[in-house]
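Shown next, in structure tokens, is the structure this report addresses.
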Amino acid sequence: MKEEWINALGTMTYGIYALTMAHAERVNAMIASWVSQVSYDPPLIVIAVHPNRYSHELIEKSGFFAMHVLKKTQKNHVARFMGSDPGEKFRGVDWQPGKTGCPILKECAAWFECKLSDRIQPGNHTLFFGKVVDAMKVSDEAALTTRDYRGQYIGKV
């Protein structure tokens, strides 16, 4: 990819979201910024997850994920959920299992619990489409975006 393209992609603004998932007795969380609502009837959310991620495996096996809108004041969650030890990610975080078994973070701006309805792999990430099965607005605080956080994921590894 041309350096100019990479620089241009870096100017795009995204929200910073916490994705959570569970399968059997395993739970995990990750940070994602490639997330969007794609339909309101039915309510559908799409997330992009690289196939080499542990989270990808858990979503594939369970058929569920939860997406959390982080608040601007939750920048600390970015480093926490980017870590590699699933047990450490949830240490000190107030959460409970949702209807699908996915961890629901009690302190966030909003959350959406989704049942996998489709998946495609148009490039190097899988797009998981989830039908919202439960959701709640938790706070009126502003959402965390890539403009509020120094890091920006544009696909360079």
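Applying the ring pair (Phe, Tyr, Trp, His ring centres under 6.0 Å) test to residues at least two apart or on different chains, the pairs with a partner in residues 126-145 are H56-F128. Judged as a salt bridge (Lys or Arg N to Asp or Glu O under 4.0 Å), not a single pair has a partner in residues 6-24 (not counting sequence neighbours).
Grouping the Ile, Leu, Val, Met, Phe, Trp and Tyr side chains by contacts below 4.5 angstrom, directly or via other members, places F112 with F65. By the criterion of side-chain heavy atoms lying less than 4.5 angstrom apart, applied directly or through intervening Ile, Leu, Val, Met, Phe, Trp or Tyr residues, M30 is not grouped with F64; the two fall into different hydrophobic clusters. Under the 4.5 Å side-chain heavy-atom criterion for Ile, Leu, Val, Met, Phe, Trp and Tyr, M21 and V132 are members of the same hydrophobic cluster. When hydrophobic clusters are built by joining Ile, Leu, Val, Met, Phe, Trp and Tyr residues whose side-chain heavy atoms come closer than 4.5 Å, directly or via intermediates, V133 is not grouped with W111. By the rule that hydrophobic residues join a cluster once side-chain heavy atoms approach within less than 4.5 Å of another member, I120 and V38 end up as members of one cluster.
In this structure, I59 and V49 approach most closely via the heavy-atom pair CD1-CG2, 4.3 Å. Of all heavy-atom pairs spanning A32 and V35, the tightest one is CB-CG2, 4.0 Å. Across every non-hydrogen atom of H23 and L58, the tightest pair is CB-CD2, 3.9 Å. Taking both residues in full, the closest heavy atoms of A29 and T20 are given as CB-CG2, 3.9 Å, listed atom of the first, atom of the second, then distance. Residue S117 comes nearest to K131 through the heavy atom pair OG-N, 4.2 Å, listed as atom of the first residue, atom of the second, then distance. The nearest pair of heavy atoms linking P51 to Q121 is CG-NE2, 3.3 Å.
A donor-acceptor pair under 3.5 Å is absent between the side-chain atoms of K71 and the main chain of E141, judged by distance alone. Proximity of a side-chain donor or acceptor of T146 to a complementary backbone N or O of Y14 within less than 3.5 Å is detected. Q74 contributes no side-chain N or O that, together with a main-chain N or O of L144, makes up a donor-acceptor pair within less than 3.5 Å. A donor-acceptor contact shorter than 3.5 Å is absent between the side chain of H125 and the backbone of A48. Checking side-chain atoms of E88 against main-chain N and O of G83 turns up no donor-acceptor pair under 3.5 Å. The backbone N or O of D148 lies less than 3.5 Å from a partner atom in the side chain of K75, making a donor-acceptor pair.
For the residue pair T126 and R119, no side-chain donor N or O sits within less than 3.5 Å of a side-chain acceptor on the partner.
Atom CD in E113 sits 3.5 Å away from atom OG1 in T100 (nearest 0.5 Å). Taking CD1 of I47 as the reference point, atom OG of S36 lies at 12.0 Å (rounded to 0.5 Å). Taking OG from S84 and CG from N28, the interatomic distance works out to 10.0 Å, rounded to the nearest 0.5 Å. Of the inter-residue distances, the one linking D94 atom CG with I104 atom CD1 reads 12.5 Å to the nearest 0.5 angstrom. The CH2 atom of W34 sits 9.5 Å away from the CE atom of M12 when rounded to the nearest 0.5 Å. Residue S62 holds its OG atom at 10.0 Å from NZ of K115, rounded to the nearest 0.5 Å.
In this view, Q37 and Y40 satisfy the side chain to side chain contact (heavy atoms under 4.5 Å, CB included) rule, not counting sequence neighbours. Shown here are the side chain to side chain contact (heavy atoms under 4.5 Å, CB included) partners of A143, two or more places apart in sequence or in another chain: V69. Partners of K2 by side chain to side chain contact (heavy atoms under 4.5 Å, CB included), not counting sequence neighbours, listed by chain and number: E4, W5. Take K61 and apply the salt bridge (Lys or Arg N to Asp or Glu O under 4.0 Å) test, not counting sequence neighbours, and it matches E57.
The local environment of NZ in K106 is crowded, with over 12 non-hydrogen atoms from other residues, nucleotides or ligands closer than 6.0 Å. No more than 12 heavy atoms of other residues, nucleotides or ligands lie within 6.0 Å of CD in E107, so this atom counts as exposed by the packing criterion.
Taking the side chain as every heavy atom from C-beta outward, L105 and V138 never approach each other to under 4.5 Å. Looking only at side-chain heavy atoms (C-beta outward), P42 and L44 come within less than 4.5 Å of each other. Looking at heavy atoms from C-beta onward, I45 lies out of side-chain contact with Y17 at the 4.5 angstrom threshold.
In this pair, F90 and W95 present their aromatic rings tilted. The plane angle is within the 30 to 60° band.
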